[in-house]
There are 2 protein chains.
Amino acid sequence: MIDTDELLSIRAAELYYEENKTQDEIGTLLRLTRWKVGRLLAQAKASGFIRIEIVHPRARRLSVERRLREATGLTDAIVVSSAGVASDEELQSRTAQAAADYLTGLRPVPRTLGISWGRTLHEVALHLKQGWAHGVNVVQINGGVSLNRRAGTAAATAVNIAHKAAGAATLLPSPAILERLETKQAIESDRAVAAVLNLATAASAYLFSAGQADENSALVDSGYLTVEQVAELVRKGAVGDIVGRYIDSNGNIVDPELDGRTVGIQLEHLRQAKTAIAVIAGGSKHAIARAIVGSGLCTVLVTDEDTALAILGDEA
Amino acid sequence: MIDTDELLSIRAAELYYEENKTQDEIGTLLRLTRWKVGRLLAQAKASGFIRIEIVHPRARRLSVERRLREATGLTDAIVVSSAGVASDEELQSRTAQAAADYLTGLRPVPRTLGISWGRTLHEVALHLKQGWAHGVNVVQINGGVSLNRRAGTAAATAVNIAHKAAGAATLLPSPAILERLETKQAIESDRAVAAVLNLATAASAYLFSAGQADENSALVDSGYLTVEQVAELVRKGAVGDIVGRYIDSNGNIVDPELDGRTVGIQLEHLRQAKTAIAVIAGGSKHAIARAIVGSGLCTVLVTDEDTALAILGDEA
DNA sequence: TGGAATCTTGCTCATCTGAGCAGTCGGGCG
DNA sequence: CGCCCGACTGCTCAGATGAGCAAGATTCCA
């Protein structure tokens, strides 16, 4: 009987959703009352036999967002759908778009926005529309790329975002990581750099991404770290970096010595920020995303469905 | 504006389907009238952004069935959903189940059912429930397996189906293909064999599957044909076999000489049958399925979604 | 076997939704 | 400049649907 009911609910669902017949008609066809049909349909939905998917690059997964907010205490969560996505690039592009949308709708509009740099942030900048805000000043919160061909992308991102919001960009004129602690301290005490760091500390909102801890890290690409150094960090428990600082799965600094040579705001500062928006997408960033959210490094997370589910622990 | 509308329709769809809010509530949230929301939703559906799938082993695709009936003139078409299917075995099992269901519901109940044999038919027999009908006699319509370890499955299938319907099974005591034409003629003129063939010709309904033309064919497995012989048939245009007879994509016999040595009812007879149910599943049988349906060799097709779409020419 | 507890069924009623229609807006053309 | 056509909007109204309820069926013990 229970088996018969299940089969009936499937037949009813077919007629209802595929043939869009009315519950009444289905009742006639299946020799049931329309109430029974309604109940079968409800049962089919409850059992998860009916899957409704919104297939669109800008579709979000509100139910996952809600679960994330409830499970983690995030102020806000934006989860883009992975439905019908072929490549990781597509996923990152969708997520960047969503971050741009979120930033555009953010109220109150931040007077000063602290940003990191990287491929993701660059893409967010691209997706922002001219005039997305008026008079938002942008300040870099960690040392930029300056060692090789990538020189300038960090600056470009900040300038781009500021420009589109009719605001000014303040760049942090410093490498991300210095070789010697003394050099780092010297740079930080330089008046120009110190001023930028002060501004960064006073930002009304932060926007940043994160990097996975492997040979494809942006810090390796930029020449700040070697593949071997990253491997060593992984051995020590690193899952990825955020504003240039490597953390483990609990959100703790993995290598204090290295961290001491890294220029930018402190993680503690991010933890206390009122608005800290993390934008993280892609299969390789599940671990770092989980670490960031788990240790309260952001108040808002913009990510893709798979990453969100990984954070929630629903391995699918 | 058109872009804005699309985005709005996605937002509305999220709220409607994921959060199941009422159109009214969505209207309030999005600052729209509820009629506008209704229209956005309709638009989202029409644009195909909303995909509703019924995920269940016994789910059917009624819309595809209808298209198939209309496009081919089949009396009936049963198409099982491929949603969430991992393996070809799963697909074949679902299809066999559907065939069993169809047979059980078939009206008028056939007095005599002519069947072929093979993995698919065997599985259909397994899925039939004890007492699926009362007093249906089963007769084999083509020569059975008898050369090797598989001996007996053909007979078992027929006996099983008949037994579960409280009827009698009549076996065709002959190999499928004979080496010499004379032997075949001799066998056919044997009184016992001729009687069975007569009975087969008079069956009120037929149920059969089909085999693809490659080295995995059941006829190769059973030792009736060698891999080389099948390869040769393919060269001549064979796409598969039905009741032991190889046909090309137009439904014509590929090798008349071979066909002359094959024991069983004629294809012409199947073409004229009032009820001829073909059960065909799996990616490797698209070509033979298309040939059978295209040349009117069956009046009812039970198959999987992918095969059905292949027949319709919607390469997905 | 009796009887209570639970589940199922068919119903009423309130709400939700889609079809169709008239008023309104905007843009193109005389 | 004004008129007309088409698209869009908000509405009425009827049909479709879900919540809640009471009666009937079923189960499960004692």
Side-chain angles (χ1 to χ4, degrees), chain A residues 1-56 58-63 65-67 81 105 129 131, chain B residues 1-56 58-63 65-67 81 101 105 129-131:
Chain A
M1 192 55 182
I2 198 167
D3 186 45
T4 309
D5 251 28
E6 185 170 310
L7 199 51
L8 267 181
S9 74
I10 295 301
R11 294 284 158 261
E14 289 162 358
L15 292 163
Y16 193 69
Y17 291 105
E18 284 206 50
E19 302 287 88
N20 48 289
K21 297 202 180 302
T22 161
Q23 298 189 1
D24 241 355
E25 295 175 292
I26 298 172
T28 310
L29 281 170
L30 266 45
R31 294 157 201 283
L32 301 166
T33 62
R34 72 188 178 81
W35 297 285
K36 178 74 179 168
V37 174
R39 283 179 183 122
L40 287 173
L41 249 20
Q43 185 190 319
K45 258 194 227 171
S47 316
F49 296 147
I50 296 170
R51 181 188 297 162
I52 300 183
E53 237 179 17
I54 302 171
V55 189
H56 190 280
R58 295 178 79 164
R60 284 164 49 186
R61 298 300 321 276
L62 301 185
S63 56
E65 294 179 358
R66 182 153 31 77
R67 283 204 288 147
S81 161
K129 282 230 275 285
Chain B
M1 191 59 179
I2 197 166
D3 186 46
T4 309
D5 251 28
E6 185 170 310
L7 200 51
L8 268 181
S9 75
I10 296 300
R11 295 284 157 261
E14 288 161 359
L15 292 163
Y16 192 70
Y17 291 105
E18 285 205 49
E19 301 286 270
N20 48 287
K21 296 203 181 299
T22 159
Q23 299 189 358
D24 237 354
E25 294 176 292
I26 298 172
T28 309
L29 282 171
L30 267 43
R31 293 158 202 283
L32 300 167
T33 61
R34 72 188 177 81
W35 297 284
K36 179 71 180 171
V37 174
R39 282 177 185 127
L40 285 172
L41 250 21
Q43 186 189 316
K45 259 195 228 169
S47 316
F49 296 147
I50 296 169
R51 181 187 299 162
I52 300 182
E53 240 179 16
I54 303 172
V55 190
H56 191 281
R58 297 178 78 164
R60 283 165 47 187
R61 298 298 322 275
L62 301 186
S63 56
E65 293 179 358
R66 183 154 29 77
R67 282 204 288 147
S81 162
D101 290 346
K129 282 229 275 284
Q130 188 65 43

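FYI, side chains are in, hydrogens and waters are out, and symmetry mates aren't considered; it's all heavy atoms of this structure. Numbered from 1 within each chain, the chains take letters A, B, ... in sequence-line order. Just so it is clear, the model here is predicted, and its values are computed rather than measured.
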If you define the side chain from C-beta out and look only at heavy atoms, does anything of [X] sit under 4.5 Å from [Y]?
| X | Y | answer |
| --- | --- | --- |
| B:Arg11 | A:Leu62 | no |
| B:Leu29 | B:Lys21 | yes |
| A:Ser63 | B:Glu19 | yes |

[atom1] of [X] versus [atom2] of [N]: gap in Å, rounded?
| X | N | atom1 | atom2 | answer |
| --- | --- | --- | --- | --- |
| B:Gln43 | D:dT9 | CD | P | 10 Å |
| A:Asp5 | C:dC7 | CG | P | 15 Å |
| B:Leu32 | C:dT17 | CG | P | 15 Å |
| B:Lys36 | C:dG18 | NZ | P | 15 Å |
| B:Leu8 | D:dC8 | CG | C1' | 15 Å |

- Task: Give the B/S/- string for nucleotides 14-21 of chain D, one per nucleotide from 5' to 3', where a protein heavy atom under 4.0 Å of the base yields B, of only the sugar-phosphate yields S, and otherwise -.
- Result: --SBS-B-
- For the residue pair A:Ser9 and A:Leu40, what are the closest heavy atoms and their distance? CB-O, 3.5 Å
- Closest contact, heavy atoms only, A:Gln23 versus A:Arg34: OE1-O, 3.8 Å
- Message: Taking salt bridge (charged side-chain N to carboxylate O under 4.0 Å, His left out) as the definition, give me every residue that meets it alongside B:Arg58, ordered by chain and number, with sequence neighbours left out.
- Response: B:Asp101
- Task: Considering just the side-chain nitrogens and oxygens of A:Thr33, establish if one lies under 4.0 Å of OP1 or OP2 belonging to C:dG10.
- Result: yes
